[in-house]
Structure formats: C-alpha cells, structure tokens
Amino acid sequence: MKRTNYVGRTSEKQIGQEVVLKGWVASRRSFGGLIFIDLRDREGIVQLVFDEKKYPEAFKVANEVRNEYIIEVRGVVRKRAEVNPDMETGTIEVEVEEANQLATSMTPPFSVKDDTEANEEMRLKYRFIDLRRPKMMKYLKLRSKMTSIVHRYFDNHDFLDVETPDLTRSTPEGARDFLVPSRTYPGHFYALPQSPQLFKQLLMAAGVDRYYQMARCFRDEDLRGDRQPEFTQIDMEMSFASAEEIQETTEGLIKMMMKEIKGIDIKTPFPRMKWQYAMDKYGTDKPDTRFEMLIEDLTDLFKNSSFKLFANEANQERHFVRAICVPQGAEKYSRKDLEEKEEYIKRYHAKGLAWVKVGANGYTGTIADQISDQAEEINKRLGAHEGDLIIFVAGSFQVVCDSLGWIRRKIGHEMHMMNKDQWNYMWLVDWPMFEYDEGWGRWIAAHHPFTMLNPEDLHYLNDGEDPHKAHAQSYDIILNGQEIGGGSIRVHDPKIQEKIFKALGYSKEEANTRFGFLIKGLEYGMPPEGGLAFGFDRWVLMLAHANSIRDVVPFPKNSKGIEPMTAAPGTVSQGQLDELHIAVNKNTGHVNPKD
RNA sequence: GGUCCAUUGGUCUAGUUGGUUUAGGACGCAUCCCUGUCACGGAUGAGAUCACGCGUUCGAGUCGCGUAUGGACCGCCA
C-alpha cells in the first residue's frame, strides 16, 4: 500500500475519496463492535473508524493494537455526524476497510501528548518518544524552516557557504576546549572549534569576500538552561564592510526571518545603545527594553549624608548608590518578598538591599528616616509617586549593576511588564576593548583578541596608558534582554594585532605558536573586514517561546553534560586508549552512572 | 570548585508536629462489558523492599549525616 498523504493533512477536500495512511496509534476507544483510533504522524491526527460488521478483518487489527503501535490503513474519508471542534481534522474521519500492523510497541514510559506529565530526565532518555509530541515536532519544523531561511537569505546576498574543520587546533583564551587525541602523534591533540573565528578571517584573506555557515561550535564549560556544550552558530564574515554594513546585512536577515516565521514587519535600522548606558540604566549588557523601570544614580546625594551605609559607598572610587522605582509596587511587595530578593542578590556580593515605600506622608520602610532629607530629590529623579516602591543597592559598579539589573528583570516578570509577542531587537555598541580579570590578574579581551578598537583609542595600547579606556568596534545583537549574537570589525593590520597580543600579555613566541597562521594571513594581506555570529539555538528558543534550549535541540545534553539517551560520554576499550597513547587515572573523578 | 532544592508502583504525585497507612490518588497497564466516542464510559485486577548507606528513636516515607542522581543558581561561558 502506497501512502496517499500525511495523516495530519487529511482534509475535507478528500471526502468520498480513498486514502492510504500510515502512522502511530495515539489513542484507541473501543465500543465492542466499533473502535475509534486516533492516528498520528508528524503533521497531525485524524480519527479512524473500524466497524466489525462491515470490515471484520480490519476490525481485528484495530482490536489488537495498543498505543504507539504503527499501522497502515486504507479507507474512505467521510464527513462526521458530530464535529469535534478541538481537533484540526475534527470534521472528518476515515472509515477503514483494510488495516495492517507495521510495528508493535512496549507500553511507553509516558504518554505522547503536549501536556505530558513526565519530567525532563525521562523525556531525554526516551527522546525518540518525546519528539513524537506535537509541540516537539513543531520545534523541529520551526528550526528547519529557520535554517532554510538563513541559507536562502545569504545565498541571495552573494555569500558563499564554506565549511571549516571540526578537528582543529587548541587556542588560548575563551572557553575550555574539547580535545581529540591524535593517534599518529602521541601527546598531540586536535581541539573542536569554539567557533570558526580564525578560519573565517582567513577566508577573507583568501578573497572569499562574503562567507556564511551554519557552524557547530563546542565549548567545554558548565551548562545552563540556555547553554549546551555543542551548539549552532549562524556565522558570517564580510570583507570591505563597515560595522554599519554588517549590521544592515544582519538586520536584513532578521527582518526576513520575522516576516516569514511570525508574519511581522520589523522596523529597521534597530536602535543602538552604548554599553555604558546599558550598564548604568539597565544594569546589564543585554537590556530588555520592553519595559522601563530604569536604574537611576543617587550617589552624589549621599556623599555628605549622615546615613553611613550609603555615605561610605558614595565616597569610594567607582562605588555607587543607585535605585529603581517600581510603579505601584508598594502593595505588591511585602517585607518578606523583599528579604527574599535581598537574599538572592547576595550571590552577586551585594551587602544588602534597602527599600522604601512612597506614602502620602513621605517614606515608610527600612531606611525611611535615614534618607528623608533626600526624599524630594530622589522622587524627582526616579519619577516616584504615591504607592510606588523604591529599591536601593549600594556598592561597586559591578555589584550595583548585577543586583539592580537582576531585580529589574525579576520584577518586570512578576508584574507582567513584558509582552511576549513584542520583539525588541537592538544593537549594543561601544564596548570596552579589555576587561580586567581578577582571577588571572591581567587584562583580557572583552570580545576576542582580533577585535579592532576605535582608531582614536589606539594609543591606549601604549605602555603606561590605561587599556580600560579603549573601546572596541564590536556590537552585540540583543533581543528582549537576551544576547543572540555578536560581532566586530577585525584587526587587519599585523602591527596593531601584535600590539594587542602584547597588551594581553602574550609573548611573540606564544602568539606565534597559537595564532601563527592568523598572523601569517595578516602579513600576506588581509582586507579590512568584520562579521558576526548568531547563537542559532537561542534564537530558535525565543521565537518558539520554548522554556529551555533543550527543547529546541533534538538530542541535548543534561545539565551535567550527559546525553541521557546514548549515555555519552562513555568508556572505551583499553585497545582504543592504547592506540591513542592515553593512560587514564581511574582514581580521579566520577563515573558516568548511565554508561 | 561552591550554594540551594528535589528523589514514594511504568509516569505524575498525596502523605501534617515521627505512631490505625494493609503507603492514598490520578494517568497508564491487563481482563471483561459496550456500535458514535474523541481525556469515551462501566466492572474487576496486577503493580512500591518510599534513591542508597549509616545514625537518632520503643518506633523513620517523615528527623540527622553521608553518597548517588536530577534540577536551579554563583563561578565559568574570549
């Protein structure tokens, strides 16, 4: 029997026609001599009817099948007497004349429906069952559609899709590398790429001019709800393009994506926000601009205050007293709620959280008396009115930003300030070139070491100057408070690249060992160029309104890096280890219990 | 590396302050009845050494400690 159409695409147009369908038994309802089966495939569900009197052979098959058995049926589409409005194909059914069982199934560990009660551990272990759920199938289709749009867009704009190697060389900085031992060279290792960064730059040196790739990237760091050890980037690079041209190209892709996926016309160009402003007003380098509730600085008001807690902070270098005003938050938030928030922000090393509620006769709350002198000015700066809640945090720049940034986002959620169908894309620009890493005790590249700084900031690389003041020609693309991509104009002058390596503390030898091939590329002529990489999984996650990146990755790792279905990583034979010249210290660490 | 939370039939869970609980329910499963259901319905039934170990106690699913697993977060993720 040859299938005539997908189960889920059976339609009223086929009424009276014969169809052959193949799919999974989603549910079975027996009435003695009459059996209904909901048949499911990736496109949807249709109701089958088996009548013992009319087609006894087919009925016998229906009587024996159970949930998740796979069957093929031949029958006639007909209009239903009683319509089921909850079902997409609820106006029709198929009266089955012939049926065959193609596969049996053990009782599934959880039922295949969207509101499944199974927890994620179960779903990942039996992913092939989990993916049968319509919601998961929808995610797979969305991802496929988005991939195809990416290819179409870049192909239409003269970009070449070029593959770069997965077995490459370990580079310092950035994330920990996944290593692959070399069989032929004992003690040598390939590394899986954290991104195709250096290759795409060398493709520019090669004259490819416009490159893109759906590239798999690998980073051996701890996982999060929006982070997997292997993930997909939409990677692109353009020669002879300014930051604006690269951004324009990116906006074009986003515009096309939003039109085709969501049917929405997104306005371009996107707003640009400077890094410093984002940190000051939103407390983060990925602001959610769907709601206001901005952070305001009050440091100057407390320099001479008798309120020691604030005064002490206000008089320290690069320490601040800042606040947000929660409109009509006074009733919504109890002392207990705020204590919980205070507890939370201690993980950002905040010493505490202070708050007042704005009443008809001034402030009430923990520090109301201590700050009554400044009340008028505070209200003015924050635009506070009766019924509002003001939350203060004092401390170092990092602590104040992290704490108030988190509180702003958290309260935004709790008070339903963001609309999930609003899509605020924006560029975050004017990044600092370097950050001081307390752990390493040295300067590191904020973006990556091949980022071009603003030409007028070049002198900060000289000895005795403050690299912290240098700004980079890099840009992040932000969507609703999530970073979904980032890029930069690259260094194409070997002399400048050398200076940057030096500022980062690399000796010439070290730089040559690690990045020699890039330096060579520069020496043989690199065009001015730049590019951008999108976190594709995260973008899919957001457009899908999914809860976790694990929902839009077909076979994801759990939070401990284990893939529960295959139980990777696993052990290998002694023979394999010998070939790779590897001795394993068996007394160290844990064993994958699923292996 | 660190902090916090969770773990009870196949699945999801209830189980107060330790004591009538033979560990309750829902879904699923099995057998039977049923020709218009669509989360079908009805009847009957099977299925759990309460993650593991040690301890406290007259008595532990319940309290403590440890281990394991899962999840969230900090660090980390150029």
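The chains referred to below are lettered A, B, ... by the order of the sequence lines, with proteins before strands, and numbering in each begins at 1. A quick note: this is a predicted structure, and the numbers were derived from the prediction, not measured.
Applying the salt bridge (charged side-chain N to carboxylate O under 4.0 Å, His left out) test to K351(A) and every residue at least two apart in sequence or in another chain returns E313(A). With sequence neighbours left out, the salt bridge (charged side-chain N to carboxylate O under 4.0 Å, His left out) criterion links R127(A) to D130(A). Every residue meeting the salt bridge (charged side-chain N to carboxylate O under 4.0 Å, His left out) condition with K557(A), not counting sequence neighbours, appears here in chain and number order: E230(A). R29(A) pairs by the salt bridge (charged side-chain N to carboxylate O under 4.0 Å, His left out) definition with D38(A), not counting sequence neighbours. Not counting sequence neighbours, N84(A) has no partner by the side-chain hydrogen bond (donor to acceptor under 3.5 Å, both in side chains) test. With sequence neighbours excluded, no residue forms a side-chain hydrogen bond (donor to acceptor under 3.5 Å, both in side chains) with W431(A).
Judged purely by distance below 3.5 Å, without hydrogens or angles, the side chains of D430(A) and Q276(A) never pair a donor atom with an acceptor atom. Side-chain contact check for T513(A) and E510(A): no donor-acceptor pair (N or O, by modelled atom type) lies under 3.5 Å. If you check the side chains of Q14(A) and N5(A), you find a donor sitting under 3.5 Å from an acceptor.
At G71(B), none of the side-chain N or O atoms of N119(A) fall inside 4.0 Å of OP1 or OP2 (strictly under the cut-off). For A72(B), the OP1/OP2 oxygens have a side-chain nitrogen or oxygen of R550(A) closer than 4.0 Å. Considering only side-chain N and O atoms, S559(A) lies under 4.0 angstrom from the phosphate OP1 or OP2 of G71(B).
The six-membered or imidazole ring of F501(A) lies near that of F515(A), with a centre-to-centre distance under 6.0 Å.
Between the C1' atom of G75(B) and the CG atom of L223(A) lies a distance of 15 Å, rounded to the nearest Å. The NZ-P distance, from K346(A) to G75(B), rounds to 17 Å in whole Å. In this structure, E121(A) atom CD and A72(B) atom P are separated by 12 Å, rounded to whole Å. A straight line from CG of L124(A) to C1' of U69(B) spans 14 Å, rounded to a whole angstrom. Rounded to whole angstrom, the span from the CD1 atom of I549(A) across to the P atom of A72(B) amounts to 12 Å. Distance, Y348(A) OH to G75(B) P: 7 Å, rounded to whole Å. Counting to the nearest Å, the P atom of G10(B) and the CG atom of N67(A) are 19 Å from each other. Protein atom CG of D551(A) is 13 Å distant from nucleotide atom P of G71(B), rounded to whole Å.
As the counterpart of G64(B), C54(B) is assigned, both hydrogen-bonding distances of the Watson-Crick or G-U wobble pattern falling under 3.5 Å. Base pairing analysis places U69(B) opposite A6(B); the two distances defining the Watson-Crick or G-U wobble pair are each below 3.5 Å. Within the shown strands, nothing qualifies as a pairing partner of C76(B) under the Watson-Crick or G-U definition with both distances less than 3.5 Å. Pair assignment for C32(B): G42(B), on the basis of Watson-Crick or G-U wobble contacts that are both within less than 3.5 Å.
Identified under the ring-ring contact (aromatic ring centres under 6.0 Å, His included) test for residues 545-567 of chain A, with sequence neighbours left out: W423(A)-H545(A). Screening residues 32-70 of chain A for ring-ring contact (aromatic ring centres under 6.0 Å, His included) gives F31(A)-F36(A) as the qualifying pairs, with residues at least two apart or on separate chains.
Nucleotides G61(B) and G9(B) have their P atoms positioned 15 Å apart, rounded to a whole Å. The C1' atoms of U21(B) and G59(B) are separated by 15 Å, rounded to the nearest whole Å. U13(B) and A6(B) have their P atoms separated by 13 Å, given to the nearest Å. Between G70(B) and C63(B), the distance separating the two P atoms is 24 Å to the nearest Å. Nucleotides C74(B) and C38(B) have their C1' atoms positioned 49 Å apart, rounded to a whole Å. Rounded to the nearest Å, the gap between the C1' atom of G41(B) and that of G36(B) is 13 Å. Distance check on atom C1': G47(B) versus U35(B) gives 33 Å, rounded to whole Å. One C1' atom belongs to C65(B), the other to C27(B), and the distance between them is 37 Å to the nearest Å.
Q197(A) comes within 4.0 angstrom of a nucleotide base, judged by non-hydrogen atoms across all strands. Contacts of S195(A) with the nucleic acid, taken as non-hydrogen atoms under 4.0 Å apart, include base atoms.
The side chain of T107(A) lies closest to C29(B), out of C76(B), C29(B), G70(B).
Counting heavy atoms from C-beta on, the side chains of T10(A) and I92(A) come closer than 4.5 Å.
For a distance-only test at 3.5 Å, the side chain of R227(A) qualifies as a donor-acceptor partner of the base of C76(B). The base of G71(B) has none of its N or O atoms less than 3.5 Å from a complementary donor or acceptor on the side chain of R123(A).
Residues Q228(A) and V553(A) come closest through the heavy atom pair CG-CG2, 4.4 Å.
Ring geometry, H448(A) versus F450(A): the interplanar angle falls from 30° to 60°, so the pair is classed tilted.
Within residues 484-515 of chain A, no residue has any heavy atom closer than 4.0 Å to RNA chain B.
Taking CZ of R550(A) as the start and CD of E120(A) as the end, the distance is 4.0 Å to the nearest 0.5 Å.
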Heavy-atom protein contacts under 4.0 Å, nucleotides 45-51 of chain B, coded B base, S sugar-phosphate only, - none: -------

Sugar-phosphate or base contact per nucleotide [nucleotides 31-44 of chain B; S, B, -; heavy atom under 4.0 Å]: S--BBBBB-B----

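Counting non-hydrogen atoms of other residues, nucleotides and ligands closer than 6.0 Å to OH of Y190(A) gives a total of 12 or fewer.
Projected onto RNA chain B by closest heavy-atom contact, K557(A) and D402(A) fall at different nucleotides, the more 5' of which corresponds to K557(A).
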All N/O pairs under 3.5 Å across the protein-nucleotides 4-7 of chain B interface:
none

